[in-house]
Structures are given as C-alpha cells and as structure tokens.
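Taking it in order: structure first as structure tokens, then the write-up.
The model shown is predicted, which means the values in this text are computed figures rather than measured ones.
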Amino acid sequence: MTDKNLDMPNLIADQLHPIDHSQLFAAQPAHPVRVLMLYGSLRQRSFSRLLTEEAVRILEALGAEVKLFNPKGLPLVDEDNVEHEKVQELRELSLWSEAQVWCSPERHGNMTGLMKTQIDWLPLAPIGGVRPTQGRTLALMQVCGGSQSFNTVNQMRVLGRWMRMITIPNQSSVPKAFNEFDETGRMFPSPYYNRVVDVMEELMKFTLLTRGTAAYLVDRYSERVESREELSQRVNMKAI
C-alpha cells in the first residue's frame with residue numbers, strides 16, 4: 001500500500017488487494033458453457049416450460065451444454081428435506097452450472113411458489129466449499145396469461161442480485177402466452193421469439209466473458225476481513 005492509505009485508519013491495508021490483471025483476464029475454460037434451466041409450473045401444458053425448452057434449443061445451437069431441471073416432486077423448504085433426492089439434484093446442477101435461466105409464469109403479480117421454492121433451496125452458504133449461485137450469470141424470462149407485465153422478471157432480478165449472480169441486462173416477457181405456441185409446443189415466429197434469442201445470445205456472451213474470472217470478480221474485501229477476524233477469534237480462544 002502507498003503512503004496515501006495512512007490516512008484511512010479504518011482500512012485493513014493488507015486485505016485491500018491491487019487489481020490482479022492476470023486473474024481478471026484469465027484464459028477461458030475449454031468446455032462448453034454450462035447452463036441450468038429452471039421453470040415455474042407443473043401444468044401439463046406449461047408455457048414457462050415450453051418457453052424454457054425454446055431457450056434450450058437456442059442455447060444448444062450457440063454451443064452450450066444445457067440441463068433442464070424438472071421440479072416435480074421438489075418438497076417445500078424444510079430442514080427435514082435437505083437430503084431429499086430432488087433437493088440434492090437441484091443443488092448439484094447449480095454447482096455444475098456456469099449460467100442459469102429462470103422462467104416463471106406471473107401469478108397474482110408475482111413469480112410462482114414453485115419458482116421461489118427452487119431458488120430457496122439454493123443456499124448462499126458454500127456447499128463443499130463452493131457457493132451454488134455466486135458469480136454465475138443469470139437470464140430471466142416470464143410468461144403472462146394476459147397483457148404484458150414485467151413484475152416477475154423484476155422480482156427475480158432482485159433475487160438474482162441477492163443470490164450474488166451476474167444478472168444480464170436483457171430479459172423476456174411473453175404476454176398471452178397461450179397464443180404464442182402451436183399444438184406441438186413450439187413457439188410461433190414473432191418479436192417475442194426474437195427477444196428470447198436476444199436474451200440467450202446475451203447470456204452466452206456475458207458467461208464467456210466472466211466464467212473464467214467469476215471467482216475473482218466476486219472476491220470481496222469485506223469477506224476477506226471477516227475471515228481474518230474469525231481466524232483471530234479462534235486463535236485467541238485456543239490461547240485461553
């Protein structure tokens with residue numbers, strides 16, 4: 001640290017690290033981008049699932065490796081259910097992912113309970129030393145039963161930030177979704193479909209830019225300081 005930092009008595013100088021360009025511009029991993037897709041409805045003809053499946057096709061055409069989580073059977077959040085096979089499957093997929101897509105119907109002006117349950121099962125705390133959402137890119141989509149709304153994507157955007165994810169600027173909202181898919185479940189050509197393509201392209205670009213450096217991008221001074229204080233407390237307790 002320079003002498004200028006002597007005027008900052010609150011700063012723990014050795015925990016304020018210079019920007020490391022070698023980490024910030026690290027080489028890209030060689031494997032395809034890994035994307036986890038979550039949707040928020042269990043209806044037989046679920047438009048959030050159909051929209052998500054269209055996004056899967058686009059991402060695969062762009063070279064991604066995509067996994068679609070089926071939330072059927074996922075229990076409500078409860079300590080007794082942590083070892084449930086669906087909970088473990090969801091957490092393992094989140095740890096595997098480098099990017100995620102969340103797509104929910106809008107119900108009562110909000111995301112569905114099923115969508116929120118999936119997100120609530122992903123802890124902020126590390127699993128095996130790795131946080132299941134931090135540093136991953138995130139794209140958001142919603143389907144509407146009526147006129148176009150952005151309530152759900154905006155609320156999921158708040159959640160994405162809370163989960164320490166890199167939420168991309170673009171998003172998709174499909175109004176009157178029952179008019180946008182044919183009888184086989186494929187989406188009709190439309191500006192709404194074009195927007196989905198836009199969002200998936202942007203997700204891929206942001207993920208490729210950040211996945212090799214995600215751990216460094218979310219490395220935080222406050223957490224380095226906290227870790228130092230915790231270590232000090234443990235040492236002092238042993239001394240006592």
Side-chain angles (χ1 to χ4, degrees), residues 32-75 85-86 89-90 92-94 96-119 121 136-157 160 167-168 170-208:
V33 170
R34 298 168 177 169
V35 187
L36 169 62
M37 317 288 284
L38 305 180
Y39 60 90
S41 170
L42 295 177
R43 290 180 176 177
Q44 184 174 359
R45 186 169 168 82
S46 163
F47 293 109
S48 63
R49 177 176 54 80
L50 294 179
L51 185 62
T52 302
E53 289 173 347
E54 287 292 347
V56 168
R57 297 181 184 102
I58 297 163
L59 287 167
E60 288 179 340
L62 291 169
E65 181 182 359
V66 184
K67 295 189 179 182
L68 181 64
F69 177 70
N70 181 353
K72 186 174 183 179
L74 184 70
E85 61 180 358
K86 293 299 292 189
E89 178 189 355
L90 175 60
E92 288 170 8
L93 286 173
S94 189
W96 165 85
S97 71
E98 296 166 326
Q100 296 187 16
V101 178
W102 298 351
C103 180
S104 176
E106 180 165 303
R107 186 169 298 164
H108 302 313
N110 208 321
M111 77 190 78
T112 61
L114 179 64
M115 191 76 233
K116 185 62 163 55
T117 296
Q118 292 176 83
I119 299 167
W121 270 122
R136 289 155 180 81
T137 49
L138 173 65
L140 304 170
M141 303 191 297
Q142 73 172 79
V143 292
C144 310
S147 58
Q148 191 172 44
S149 164
F150 297 92
N151 291 328
T152 296
V153 286
N154 288 337
Q155 288 153 355
M156 290 193 294
R157 189 169 292 277
T167 309
I168 68 170
N170 213 343
Q171 58 191 22
S172 169
S173 174
V174 179
K176 297 182 180 178
F178 53 86
N179 286 332
E180 299 301 324
F181 295 85
D182 65 22
E183 60 184 13
T184 69
R186 296 303 302 270
M187 195 172 184
F188 293 120
S190 72
Y192 302 120
Y193 177 80
N194 294 346
R195 174 58 69 89
V196 176
V197 178
D198 288 348
V199 173
M200 295 307 111
E201 279 187 335
E202 188 170 294
L203 178 66
M204 287 291 290
K205 292 172 184 176
F206 272 78
T207 307
L208 287 167

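Put simply, the side chain of T152 gets close to the backbone of N110: a donor and an acceptor are under 3.5 Å apart. With hydrogens and angles disregarded, no donor-acceptor distance shorter than 3.5 Å links the side chain of W102 to the backbone of I119. Of the possible polar contacts, one joining the T207 side chain to the L203 backbone as a donor-acceptor pair under 3.5 Å is found. Without hydrogens or angle criteria, S104 side chain to Q142 main chain gives no donor-acceptor distance under 3.5 Å.
Under the salt bridge (Lys or Arg N to Asp or Glu O under 4.0 Å) criterion, the residue pairs touching residues 98-116 are E98-R211, K116-D120, with sequence neighbours excluded. Annotation: salt bridge (Lys or Arg N to Asp or Glu O under 4.0 Å) contacts involving residues 180-193, sequence neighbours excluded, comprise E54-R186.
With 3.5 Å as the limit, one finds a donor-acceptor pair spanning the side chains of S94 and Q100.
Residues satisfying the salt bridge (Lys or Arg N to Asp or Glu O under 4.0 Å) test with E202, not counting sequence neighbours, are none. With sequence neighbours excluded, the residues satisfying ring pair (Phe, Tyr, Trp, His ring centres under 6.0 Å) with F181 are F47.
Between R57 and E60 there is no salt bridge, since no side-chain N of the basic residue sits under 4.0 Å from a carboxylate O of the acidic one.
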Would you list the atom pairs, donor with acceptor, under 3.5 Å between side chains in residues 62-71 and any protein atom, with sequence neighbours excluded?
from : atom 1 : to  : atom 2 : distance (Å)
N70  : OD1    : K72 : N      : 3.0

Check residues 171-178 and write down every donor-acceptor pair under 3.5 Å in which the side-chain atom is one partner and the other belongs to a residue at least two apart or another chain.
from : atom 1 : to   : atom 2 : distance (Å)
Q171 : OE1    : R157 : NE     : 3.3
Q171 : OE1    : R157 : NH2    : 2.8
S173 : OG     : S149 : O      : 2.5

